[in-house]
Amino acid sequence: MKTRKDIPKEKKKEKREETRETWRPPKIGWRMIKTLLAAALIALAYSTQGRNPCFACIGAVFGMGNVLVGGSKSGGNRFIGTIMGGVIALLFYPMYHYELWGIPSWIYLSIGLFVLLYIGELLGAIGGIQPGAVVFYVVILTVPEATYIEYTINRMIDTGIGVFVALGLDRLLPSPQEEPPVPIFGRNDEE
């Protein structure tokens, strides 16, 4: 078996030179511009209301995806996951913080995650499990009791707004390489 020491120095040098010559910086493409535009519009709108745009901007990035179909899927997963994680967090928050029925809090974290995993599988929303778990843990572990209900509801709404803005912008400004979007309303004349 050859080791790195066995490879002649000339070949190593050729490989480095070949890599340097072929590397090019990534293109700034239409999807990147639309993602930036969606996040900037959301940040601007939220700043006029004095609200934190964090989750709406994250929703916009997920909602844009890498193509319209991919954006719909990843944005939808993000939104469904946020709803699942938020609802489960609302249910488990008091159980975790008050150790209801004498059950240790860490068990509630485990049961809550199990419920999230099970519902994700049941609904076929496997792509929503990870963002759902993020929302579940953020709410349960970091949000003060006085604000957890409002916070969770706002996160679900903000994520929906971000995904909606990104998908709407993607539909209004399709990339040249994509096929034109299917009309949302009305008939397709080719039927």
Side-chain angles (χ1 to χ4, degrees), residues 34-35 38-171 181-182 184-185:
K34 290 190 295 186
T35 303
L41 289 172
I42 288 167
L44 174 63
Y46 274 59
S47 72
T48 63
Q49 300 171 15
R51 293 187 62 209
N52 185 331
C54 177
F55 286 88
C57 287
I58 291 169
V61 171
F62 273 85
M64 193 59 68
N66 59 353
V67 294
L68 181 59
V69 174
S72 299
K73 186 173 182 178
S74 69
N77 283 336
R78 173 74 183 179
F79 183 62
I80 289 168
T82 299
I83 299 297
M84 289 187 320
V87 169
I88 294 166
L90 288 172
L91 296 173
F92 278 83
Y93 193 94
M95 292 181 232
Y96 173 82
H97 285 277
Y98 295 110
E99 294 188 343
L100 295 182
W101 306 291
I103 298 172
S105 58
W106 68 268
I107 291 178
Y108 286 117
L109 285 180
S110 300
I111 294 170
L113 180 60
F114 170 77
V115 170
L116 176 69
L117 292 167
Y118 189 80
I119 290 173
E121 290 280 347
L122 183 69
L123 297 176
I126 294 158
I129 291 172
Q130 290 172 323
V134 169
V135 172
F136 173 73
Y137 286 126
V138 165
V139 170
I140 296 260
L141 299 173
T142 69
V143 178
E145 182 180 0
T147 60
Y148 86 93
I149 294 172
E150 178 185 0
Y151 177 90
T152 305
I153 292 169
N154 282 333
R155 293 310 65 87
M156 291 188 277
I157 292 169
D158 291 344
T159 299
I161 289 170
V163 169
F164 178 77
V165 167
L167 293 176
L169 192 60
D170 205 27
R171 187 170 262 295
V182 176
I184 295 175
F185 301 106

Practice task
Applying side-chain contact (heavy atoms from CB on, under 4.5 Å), run through Ile103 and Met95 and close with a yes or a no.
Solution key: CA-CA 8 Å; Ile103 298 172; Met95 292 181 232; over 6 Å; no
Practice task
Go through the steps to decide whether Ile140 and Leu109 satisfy the test side-chain contact (heavy atoms from CB on, under 4.5 Å), and finish with yes or no.
Solution key: CA-CA 8 Å; Ile140 296 260; Leu109 285 180; 3.6 Å; yes
Problem - Intermediate values then yes/no, side-chain contact (heavy atoms from CB on, under 4.5 Å), Arg155 and Val139 - result: CA-CA 10 Å; Arg155 293 310 65 87; Val139 170; 5.6 Å; no
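The backbone N or O of Ala45 sits less than 3.5 Å from a side-chain atom of Thr48, completing a donor-acceptor pair. Although no hydrogens or angles enter the test, the distance criterion places a donor-acceptor pair under 3.5 Å between the side chain of Glu99 and the main chain of Ser105. A donor-acceptor contact shorter than 3.5 Å is absent between the side chain of Tyr46 and the backbone of Cys57. Of the possible donor and acceptor atoms, none in the side chain of Tyr148 sits under 3.5 Å from a partner among the backbone N and O of Pro94.
No option in Ile80, Ile129, Ile88, Val87 other than Ile88 meets the side-chain contact (heavy atoms from CB on, under 4.5 Å) test with Ile119.
Scanning all heavy atoms of the two residues, the minimum distance from Gly85 to Val135 falls at C-CG1, 3.9 Å. Contact detail for Ala43 and Pro53: the closest heavy-atom pair is CA-CB, 4.0 Å. Closest approach of Ala38 to Ala166, counting heavy atoms only: CB-CA, 4.3 Å. Residue Glu121 comes nearest to Ile126 through the heavy atom pair OE1-CD1, 3.9 Å, listed as atom of the first residue, atom of the second, then distance. Summarising the geometry of Leu123 relative to Met84, their closest heavy-atom pair is CD1-SD, 4.2 Å, with the distance given to 0.1 Å.
Within 6.0 Å of the CD atom in Glu150, the count of heavy atoms belonging to other residues, nucleotides or ligands does not exceed 12. Counting non-hydrogen atoms of other residues, nucleotides and ligands closer than 6.0 Å to CD of Gln130 gives a total of 12 or fewer. The number of heavy-atom neighbours closer than 6.0 Å to OH of Tyr137, taken from other residues, nucleotides and ligands shown, is above 12.
Of the inter-residue distances, the one linking Ile83 atom CD1 with Thr159 atom OG1 reads 7.5 Å to the nearest 0.5 angstrom. Note: Ile153 CD1 to Asp158 CG = 11.5 Å, rounded to the nearest 0.5 Å. Taking OH of Tyr98 as the reference point, atom OH of Tyr93 lies at 8.0 Å (rounded to 0.5 Å). Separation of atoms CZ (Phe136) and CG (Leu113) is listed at 7.0 Å; rounding is to 0.5 Å. The distance from atom CG of Leu116 to atom CD1 of Ile111, rounded to the nearest 0.5 Å, is 14.0 Å. Taken to the nearest 0.5 Å, the CG atom of Leu91 stands 12.5 Å off from the OH atom of Tyr108.
Between Phe55 and Tyr151, the two ring planes are perpendicular [angle over 60°; tilted spans 30° to 60°].
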